[in-house]
Protein chains: 2
Amino acid sequence: MECTNPLYKNQGIHTVNAIFTIEDAKLKVLLIKRSNEPFKDMWALVSGAIYNNETFEDGTSREIYEKTGLQNIKTKKFEVYSNLDRSPDMRMLGIANICVINCEKVNIIKQTRNTYDANWFDIIDVPTLAFDHSKIFIDAVNYLKEQIYKNDMVRALLPNEFTIPMLQCVYEAVLNTTYDRRNFSKKVLGLDLLKDLKKQEELAGKKPAKLYAFKANINDKKII
Amino acid sequence: MECTNPLYKNQGIHTVNAIFTIEDAKLKVLLIKRSNEPFKDMWALVSGAIYNNETFEDGTSREIYEKTGLQNIKTKKFEVYSNLDRSPDMRMLGIANICVINCEKVNIIKQTRNTYDANWFDIIDVPTLAFDHSKIFIDAVNYLKEQIYKNDMVRALLPNEFTIPMLQCVYEAVLNTTYDRRNFSKKVLGLDLLKDLKKQEELAGKKPAKLYAFKANINDKKII
DNA sequence: TCAAAAGTGTTGACATTACACCCATGG
DNA sequence: CCATGGGTGTAATGTCAACACTTTTGA
């Protein structure tokens with residue numbers, strides 16, 4: 001239906017997505033290069049406008065798909081940005097998401113209707129971003145650190161079958177720290193969180209590690 | 001500026017506020033009674049539409065003030081509700097806040113332009129609410145439990161000068177549990193969080209407790 | 001002098017940390 | 001047979017939970 005109250009009219013809603021992965025034991029964020037004004041040729045988080053006839057979640061999935069080709073991404077809203085001048089064209093309220101993904105599973109599309117490059121950036125090498133995305137990016141990293149203990153986030157960063165050293169690597173990359181290998185292993189196994197798959201990874205030049213999977217329907221337990 | 005893209009037009013933004021306090025050692029939420037359609041005569045959370053020319057934070061403060069008379073309330077966004085049918089008049093995206101307040105400091109206005117009653121409800125006695133506010137209320141309580149360890153939330157629920165038993169009462173009311181008085185006290189004092197004001201409360205029939213205040217610029221520390 | 005509630009100290013249980021040794025693999 | 005990295009055990013330390021007694025106040 002048509003909006004008649006002039007006080008409410010002309011408000012748009014942006015979905016802004018900080019998409020993270022772990023690659024080479026480093027926390028990385030997905031950036032796209034804009035091919036249109038405003039902020040043409042600048043790197044940006046994956047973002048776009050929500051349509052009238054879709055929920056925020058549906059619009060977010062659509063925007064991520066259109067700009068990267070990614071599907072079925074786990075997202076978590078974490079902040080709202082409502083400065084009146086955050087977008088030069090019209091009043092766009094920005095709702096920001098953390099998204100986490102196992103980058104081995106996916107292929108990023110680099111050229112789309114509004115973008116002409118896409119890449120994973122180590123979070124310490126992120127350039128200045130379009131709009132207010134630099135601020136959103138910093139907030140996203142901090143939020144991710146706070147929330148990484150949630151099992152579904154950790155799950156999304158790992159393949160379905162993984163080893164305990166891989167799990168440790170996720171924690172160390174996100175929290176930018178190190179843990180003792182033996183204590184980490186002991187802690188995780190004691191939480192009754194993992195299913196022993198009775199299989200081993202196949203790798204060269206070292207003792208292969210055991211493969212595990214998360215048990216189904218586990219409540220969040222803090223590993224660290 | 002005018003919005004021309006029909007895909008984005010006609011989206012309104014609601015601020016929906018679950019305002020909590022501790023009264024009689026119980027966690028309570030502030031509800032208002034609606035005097036207009038839709039949902040006339042039903043209880044609701046404190047909510048309203050954000051205007052084009054104000055930030056979300058400013059619009060939230062304005063709505064809370066207009067519907068309750070309250071000012072300077074600490075708010076924290078926690079969720080976005082975007083079902084297409086959540087408001088019968090037009091597409092209204094709802095952004096929900098947790099708000100916390102020390103009810104001793106304030107006076108609630110019961111009659112306003114759109115409401116004709118307002119009251120604190122023990123969270124176990126909350127009736128069915130207007131719009132999707134019942135769902136939002138439940139999410140708010142859960143979020144508050146998750147976040148109560150943040151110092152600024154606890155601060156907002158207490159007067160400027162408070163005793164350790166009062167602090168313990170806040171935790172017990174929010175988390176619906178009990179703690180050992182001696183262990184709680186020991187833990188809090190060991191965190192270097194509080195300033196001893198070298199004063200005592202003045203109360204009848206019992207040993208008066210020492211008064212404390214939070215130290216300035218303290219990072220969040222989990223008491224429990 | 002009594003009831004009510006606050007302050008403090010000790011102990012055992014449990015969790016976390018630090019650290020050393022052995023094992024399996026591919027080259 | 002060696003380099004790499006995974007698996008496991010133990011002792012020291014730190015944190016948390018349970019619990020008893022004393023203190024201060026107003027009535």
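Just so we're on the same page: letters track the sequence lines, and every chain starts at 1. Please read all numbers here as calculations on a predicted model, not as lab measurements.
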Visitor: Starting from P on C:dA5, measure out to CZ on B:R181 and report it in whole angstrom.
Guide: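 My rounded result for the distance is 10 Å.
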
Visitor: Show the nearest heavy-atom pair for residues A:M42 and A:A130, with the distance to one decimal.
Guide: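 For A:M42 versus A:A130, the nearest heavy atoms are CE-N, 3.9 Å.
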
Visitor: Provide, to the nearest angstrom, the distance between the NZ atom belonging to B:K206 and the P atom belonging to D:dA27.
Guide: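 Checked: the NZ to P distance equals 13 Å.
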
Visitor: With a cut-off of 3.5 Å and sequence neighbours excluded, list every side-chain donor-acceptor pair involving residues 204-214 of chain A.
Guide:
{"residue": "A:K206", "atom": "NZ", "partner": "A:E201", "partner atom": "OE2", "Å": "2.8"}

Visitor: Tabulated below should be each protein N or O lying under 3.5 Å from an N or O of nucleotides 14-19 of chain D; please produce it.
Guide:
{"residue": "D:dA18", "atom": "N7", "partner": "B:N183", "partner atom": "ND2", "Å": "3.0"}
{"residue": "D:dA18", "atom": "N6", "partner": "B:N183", "partner atom": "OD1", "Å": "3.2"}
{"residue": "D:dA18", "atom": "N6", "partner": "B:K186", "partner atom": "NZ", "Å": "3.4"}

Visitor: What's the closest nucleotide to the A:P208 side chain, out of D:dT8, C:dT25, C:dA4?
Guide: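 Closest nucleotide among those given: C:dT25.
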
Visitor: Write down the atom of A:C99, the atom of A:I64, and the distance for their closest heavy-atom approach.
Guide: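 Nearest heavy atoms, A:C99 then A:I64: SG-CD1, 4.2 Å.
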
Visitor: What do you reckon, is CG of B:N176 surrounded by more than 12 foreign heavy atoms closer than 6.0 Å?
Guide: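 Not buried by this count: 12 neighbours or fewer within 6.0 Å.
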
Visitor: Please give, in whole Å, the distance from C:dA5 P to B:E172 CD?
Guide: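 For the pair B:E172 CD and C:dA5 P, the rounded distance is 13 Å.
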
Visitor: Do B:F39 and B:F131 have ring centroids that are under 6.0 Å from one another?
Guide: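 Yes, the ring centres sit under 6.0 Å apart.
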
Visitor: Check the distance between D:dT25's P and B:K199's NZ and give it to me in whole angstrom.
Guide: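 It is 17 Å, rounded to the nearest whole Å.
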
Visitor: What is the distance, to the nearest angstrom, from the CD atom on A:E201 to the C1' atom on C:dG26?
Guide: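 Atom CD in A:E201 sits about 13 Å away from atom C1' in C:dG26.
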
Visitor: Given atom CZ of A:F184 and atom C1' of C:dT16, what is their separation to the nearest angstrom?
Guide: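 Taking CZ of A:F184 and C1' of C:dT16, I get 14 Å after rounding.
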
Visitor: Which nucleotide wins on minimum distance to the side chain of A:K210, given the candidates D:dG6, C:dA6, D:dT8?
Guide: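 Selected nucleotide (nearest to the side chain): D:dT8.
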
Visitor: Name all residues meeting the side chain to side chain donor-acceptor pair (under 3.5 Å) criterion together with A:D41; count only those two or more places apart in sequence or in a different chain, and write none if there are none.
Guide: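 By the side chain to side chain donor-acceptor pair (under 3.5 Å) rule, A:D41 matches A:Y116.
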
Visitor: Provide, to the nearest angstrom, the distance between the CE atom belonging to A:M166 and the P atom belonging to D:dG5.
Guide: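 Going from A:M166 (CE) to D:dG5 (P), I get 15 Å.
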
Visitor: Under 4.0 Å between a Lys/Arg side-chain N and an Asp/Glu carboxylate O for A:K76 and A:E146?
Guide: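 Between A:E146 and A:K76 there is no salt bridge, as every charged N stays at least 4.0 Å from the carboxylate O atoms.
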
Visitor: Select from A:K207 and A:S185 the residue whose nearest nucleotide in DNA chain D is closer to the 5' end of that strand.
Guide: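 Mapping each residue to its closest nucleotide by heavy atoms, the 5'-most match is A:K207.
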
Visitor: B:Q200 has an atom CD; how far is it from atom C1' of C:dA5, in whole Å?
Guide: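 Roughly 13 Å, once rounded to whole Å.
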
